[in-house]
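Written below as structure tokens is the structure these notes are about.
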Protein chains: 2
Amino acid sequence: MSVLVVGSVAFDSVETPFGMRENILGGSATYFSTSASFFTDVNLVAVVGDDFSQEHIDFLKSRNIDLRGLKREAGKTFHWKGRYGFDLNEAETLDTQLNVFQTFSPQIPAEYAAAEYLILANIDPELQLEVLDQVKKPKVIACDTMNFWISSKPEVLKKVISRVDFFIINEGEARQLTGEVNLVKAARAILAMGAKNLIIKRGEYGVLLFTTDGIFAAPAYPLESVFDPTGAGDTFAGGFMGYLASTGNFSGESVRQAIIFGSVMASFNVEDFSLDRLRTLQYSEIEERYKTFKAMTHFEAL
Amino acid sequence: MSVLVVGSVAFDSVETPFGMRENILGGSATYFSTSASFFTDVNLVAVVGDDFSQEHIDFLKSRNIDLRGLKREAGKTFHWKGRYGFDLNEAETLDTQLNVFQTFSPQIPAEYAAAEYLILANIDPELQLEVLDQVKKPKVIACDTMNFWISSKPEVLKKVISRVDFFIINEGEARQLTGEVNLVKAARAILAMGAKNLIIKRGEYGVLLFTTDGIFAAPAYPLESVFDPTGAGDTFAGGFMGYLASTGNFSGESVRQAIIFGSVMASFNVEDFSLDRLRTLQYSEIEERYKTFKAMTHFEAL
């Protein structure tokens with residue numbers, strides 16, 4: 001089954017201890033879509049400006065991403081500028097130019113309205129609600145957000161949370177949203193807001209999945225060279241939902257496997273700037289690394 | 001087989017966001033020994049002052065710990081005072097009074113010299129070398145250290161590292177010792193110093209084991225209330241070595257199980273101040289939590 005992704009397509013300017021790149025392809029929906037495209041068909045809803053080059057369109061098309069929902073408007077594409085220190089877990093935002101994204105109002109094309117797998121990438125929660133109202137009866141909804149919306153629109157965000165199957169958030173944001181320092185208590189508070197399941201991202205420490213059945217802990221892949229963490233969380237979520245949609249199975253076991261596939265995708269993505277590593281990635285490499293995750297975490301039962 | 005533990009027995013004064021305790025039982029060897037005693041016999045070599053009360057001696061004896069190597073000297077017992085903020089991963093040391101520990105020179109009783117399992121808890125690496133020279137032919141040596149020795153005696157410490165089977169260190173210390181920010185590179189550098197295996201502790205994020213065969217990643221148990229993280233690393237190491245010694249099996253599989261048992265022990269220990277949780281802990285609870293670790297990390301292979 002195909003996945004519908006709504007979010008941002010952007011240009012990024014990124015500085016890490018290992019180099020600097022200007023105006024490279026970025027945006028939450030770009031990472032989500034590209035990552036999910038390794039597992040299933042993807043429909044993308046986003047907006048770009050008239051400076052968005054054909055080269056990027058061609059790349060997204062080469063990943064078989066359906067771009068009928070990608071609007072092009074007069075003006076400049078959303079631009080994010082950030083920097084990472086040696087602690088690659090946290091970006092410092094240097095500049096955000098919303099540009100055409102400022103007036104973005106996601107219109108779900110009629111042919112996408114029956115989407116069964118929906119990803120609400122990180123955008124204004126008001127827009128996330130608008131999308132939820134346009135999509136008829138999705139089987140699985142995943143949703144991401146960021147610290148900015150938690151502090152500026154917590155009540156709207158909570159309405160979104162109450163309607164999603166997988167709320168995906170990072171560790172610091174989970175604490176910010178709930179006011180709970182302890183992560184297990186924070187997770188319980190978020191589940192109490194109505195999210196069916198919660199995925200807490202912990203950067204190089206992996207992810208925790210909280211469900212009514214219990215907790216699943218997955219490590220991150222210990223990499224020898226992390227070049228650029230931008231988009232790691234979105235790439236994770238794309239792999240996660242892409243795999244779930246490809247199987248149509250949302251059992252606990254399948255969800256855990258999806259988390260590992262998401263972690264595998266994120267581990268590749270950080271190996272190079274922008275989405276460059278995904279440009280050459282082969283499905284056989286994904287399977288190989290999944291096996292490495294299994295070997296890396298296995299221990300005998302009592 | 002029994003485990004020989006050499007390290008510190010101390011009084012701690014600890015402040016956490018959840019309370020404050022003065023002059024409670026602490027010390028690296030105390031945590032190591034008590035934790036290991038759930039799995040096997042333990043011989044303890046350490047020194048205390050004349051203020052060390054019979055109550056604590058009785059507790060250690062109740063854990064079946066052999067105290068023939070515990071010297072009592074005139075003066076006060078080693079005293080550590082520390083504080084934790086809401087980020088419970090790192091203690092702030094407020095005061096250290098070495099007292100009788102200042103002139104400690106570990107004498108391994110003749111009846112311990114044939115020990116097959118040796119734990120060098122965190123003490124001056126010069127003393128760790130002295131112990132290594134007194135113990136005839138241990139099968140497995142585990143060794144811990146701290147930032148103070150890394151900065152003050154790195155060359156002596158490296159001599160110790162070259163002689164141990166399991167070097168146990170926390171994440172920040174691994175970076176400090178090697179000057180490598182990337183943890184995989186830091187691990188490789190430490191293995192190149194001659195440690196056969198390396199265990200990197202990451203507090204609430206679990207541990208990584210590096211061997212020549214690859215990496216094993218174990219999460220920490222996500223706890224709803226962490227009261228006092230003091231001794232978590234030592235309790236981990238005690239459970240790890242205690243289990244290994246109890247089986248006499250050092251296969252890769254057995255080492256991974258030992259890491260989980262260590263993680264289980266640490267997860268209990270932080271639930272209360274000092275070693276108080278271990279005072280009431282039952283072996284059945286340890287097995288129960290081991291099973292929870294298994295359930296929490298399991299996912300299907302491809």
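Just so we're on the same page: letters track the sequence lines, and every chain starts at 1.
Rounding to the nearest 0.5 Å places CG of B/Leu302 at 9.5 Å from CD of A/Glu288. Atom-to-atom distance recorded for A/Tyr205:OH and B/Arg202:CZ is 5.5 Å, nearest 0.5 angstrom.
Top candidate by heavy-atom pairs under 4.5 Å with chain A, chosen from B/His298, B/Gln257, B/Glu180, is B/His298. Among the candidates B/Thr292, B/Asn182, B/Val181, the residue making the largest number of heavy-atom pairs closer than 4.5 Å to chain A is B/Asn182. In terms of heavy-atom pairs under 4.5 Å with chain A, the best-connected choice from B/Leu223, B/Leu209, B/Leu208 is B/Leu223. For chain A, the option among B/Arg256, B/Lys185, B/Glu287 with the highest count of heavy-atom pairs below 4.5 Å is B/Arg256. Chain B forms the most heavy-atom pairs under 4.5 Å with one residue out of A/Gly206, A/Pro219, A/Ala217, and that residue is A/Ala217. Note: B/Met296 leads B/Met296, B/Lys291, B/Arg188 in heavy-atom pairs under 4.5 Å with chain A.
More than 12 heavy atoms of other residues, nucleotides or ligands sit less than 6.0 Å from atom CZ of A/Arg63. Counted within 6.0 Å of NZ on A/Lys158, heavy atoms from surrounding residues, nucleotides or ligands total more than 12; the atom is thus considered enclosed.
A salt bridge is absent between A/Glu300 and B/Lys294: the closest approach of a Lys/Arg side-chain nitrogen to an acidic carboxylate oxygen does not fall below 4.0 angstrom.
Of the atoms belonging to B/Ala295, it is backbone heavy atoms, and not side-chain ones, that fall under 4.5 Å from chain A. Of the atoms belonging to B/Ala218, not a single heavy atom falls under 4.5 Å from chain A. Using a 4.5 Å cut-off between heavy atoms, B/Glu204 touches chain A through backbone and side chain atoms alike. For B/Ile259, no part lies near chain A; criterion is any non-hydrogen pair under 4.5 Å. Using a 4.5 Å cut-off between heavy atoms, B/Pro222 touches chain A through backbone and side chain atoms alike.
Nearest heavy atoms, B/Glu224 versus A/Val184: OE1-CG1, 3.8 Å.
Here the two rings, on B/Phe261 and A/Phe299, have centers that are 6.0 Å apart or farther.
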